[in-house]
Engineer: 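The structure's right below; bear with me while I get my questions together.
Below, read A as the first sequence line, B as the second, and so on, with proteins coming before strands; counting in each chain starts at 1.
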Amino acid sequence: MKFDDKIPIYYQIKNYIYRQIITGKLVPGEKIPAVRQLAVDLTVNVNTVQRALGELISEGILESRRGLGNFVTEDQAIIDQMKHRLIIQQLHEMYMNLHNLNVTDDEIVQYLRQYIEDRRKHQDEQYS
Amino acid sequence: MNNTVEIEGLSYNKNYKHILENVNLKIEAGKTVGLLGENGAGKTTLMRLIAGLAKGAKGSIMVAGKQAVADKKANVSFSEQLDGFSSSTRIEKIISFYEDVYPDFSTERYNQIAGFLQIDEGQRLSELSKGMKEKLVIGLTLSRDTKVYLLDEPFGGIDSMSRKKIIQSIIQWKAPDAIILVSDHYVSEIASILDEVVIIKDKTIYTKKSTEEIRSQYAEGIEQYYESIYEGNDMND
């Protein structure tokens with residue numbers, strides 16, 4: 001993956017792992033690669049990976065089992081909460097961007113509905 | 001003692017010219033640090049001083065708590081450009097030279113790194129491409145078991161695939177408490193593996209900062225931060 005050099009790398013690694021879990025590339029109970037292996041795969045500093053994993057462990061997303069490694073939590077409630085948080089974060093960003101363009105709340109809802117409808121139509125056309 | 005490298009009040013002149021003036025620098029065990037600065041800023045000189053290869057400096061340089069030149073040579077692995085070997089030397093001869101000269105050189109580790117970087121040992125020094133020669137230098141440097149590794153501009157003029165492989169081998173084979181100091185005047189491709197950057201400007205250490213702090217405090221890339229420090233400089237040398 002490619003990192004944005006303007007954003008702390010540990011934060012981007014955390015987001016990368018969140019996404020892997022949400023999209024099912026990492027499943028509950030699965031062991032994640034060792035710290036050094038992750039660092040090599042992502043071409044980042046070992047200390048930075050350690051910091052990201054440390055935070056994921058304290059958030060409960062990962063579980064550290066002594067001598068065995070780090071595993072994705074099997075607690076579905078924690079995963080659901082994380083997904084919810086990410087969705088709110090994305091909506092917040094979109095909302096603020098539109099708000100800064102002087103789009104009203106009602107207009108935002110209207111535009112979003114229209115946008116989704118148009119996308120659906122476009123997809124239907126593609127497959128028909 | 002947590003600082004593996006401790007430099008205090010270091011000044012160095014060469015041919016009556018000030019190269020470094022009042023350099024103070026502490027590097028903690030385990031850190032990967034980028035040493036940045038323009039060409040001629042004194043990066044290589046500083047590395048040679050830490051390695052115990054340049055003499056006649058004022059001030060003190062401690063490596064792993066010791067100041068004697070012999071201790072520096074034992075504790076520091078410096079990426080030398082193999083200029084001491086004739087161009088017809090076979091690579092396997094260079095490897096056995098390292099085995100003989102450095103008691104801490106691990107042939108096993110060298111073979112692992114050489115396998116990863118796909119170094120071709122059957123050739124002569126003059127037959128190596130620039131990228132292959134740099135891979136060999138990195139392989140030899142990282143195969144010693146030392147406290148400090150100094151990599152002097154390891155990415156000069158080599159293709160991006162070789163660069164990525166070299167960066168990965170640095171991550172893979174760095175011992176947890178070893179320091180890696182890597183110099184470059186082109187930081188963007190190594191920024192993601194650095195804990196800290198040290199910027200040399202006006203013959204001294206202008207600043208030393210954590211890379212993650214630069215990103216979170218200024219929302220700036222490391223390259224951008226580095227350039228902003230050199231901007232407005234009237235380039236009089």
Engineer: Could you list the residues that satisfy side-chain contact (heavy atoms from CB on, under 4.5 Å) with A/Gln90, not counting sequence neighbours?
Structural biologist: A/Arg19

Engineer: Counting only heavy atoms closer than 4.5 Å, note whether A/Ile7 contacts chain B via side chain, backbone, both or neither.
Structural biologist: backbone

Engineer: Determine which pairs satisfy salt bridge (Lys or Arg N to Asp or Glu O under 4.0 Å) with at least one residue from residues 91-118 of chain A, sequence neighbours left out, and list them in order.
Structural biologist: none

Engineer: Taking the side chain as every heavy atom from C-beta outward, state whether B/Ile171 and A/Val46 have any pair of such atoms under 4.5 Å apart.
Structural biologist: yes

Engineer: Check chain A against chain B and list any donor-acceptor pairs under 3.5 Å.
Structural biologist:
from    : atom 1 : to       : atom 2 : distance (Å)
A/Asp5  : O      : B/Arg215 : NE     : 3.2
A/Asp5  : OD1    : B/Arg215 : NE     : 3.0
A/Asp5  : OD1    : B/Arg215 : NH2    : 2.9
A/Asp5  : OD2    : B/Ile222 : N      : 2.7
A/Ile9  : N      : B/Glu212 : OE1    : 2.7
A/Ile9  : N      : B/Glu212 : OE2    : 3.1
A/Tyr10 : N      : B/Glu212 : OE2    : 2.8
A/Arg36 : NH1    : B/Ile171 : O      : 2.8
A/Arg36 : NH1    : B/Gln172 : O      : 3.0
A/Arg36 : NH1    : B/Lys174 : O      : 2.8
A/Arg36 : NH2    : B/Lys174 : O      : 3.0
A/Val40 : O      : B/Gln168 : NE2    : 3.2
A/Thr43 : O      : B/Ser192 : OG     : 2.7
A/Asn45 : N      : B/Ser192 : O      : 3.2
A/Asn45 : ND2    : B/Ile193 : O      : 2.8
A/Asn45 : ND2    : B/Asp195 : OD1    : 3.2
A/Asn45 : ND2    : B/Asp195 : OD2    : 3.0
A/Asn47 : ND2    : B/Asp195 : OD1    : 3.1
A/Asn47 : ND2    : B/Asp195 : OD2    : 3.1

Engineer: Only counting residues at least two apart or in another chain, list the ones meeting side-chain contact (heavy atoms from CB on, under 4.5 Å) with A/Arg65.
Structural biologist: A/Glu63, A/Leu68, A/Phe71, A/Glu74

Engineer: Less than 4.5 Å to any heavy atom of chain A: does that hold for the side chain of B/Ile190, its backbone, both, or neither?
Structural biologist: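 Neither; nothing under 4.5 Å.
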
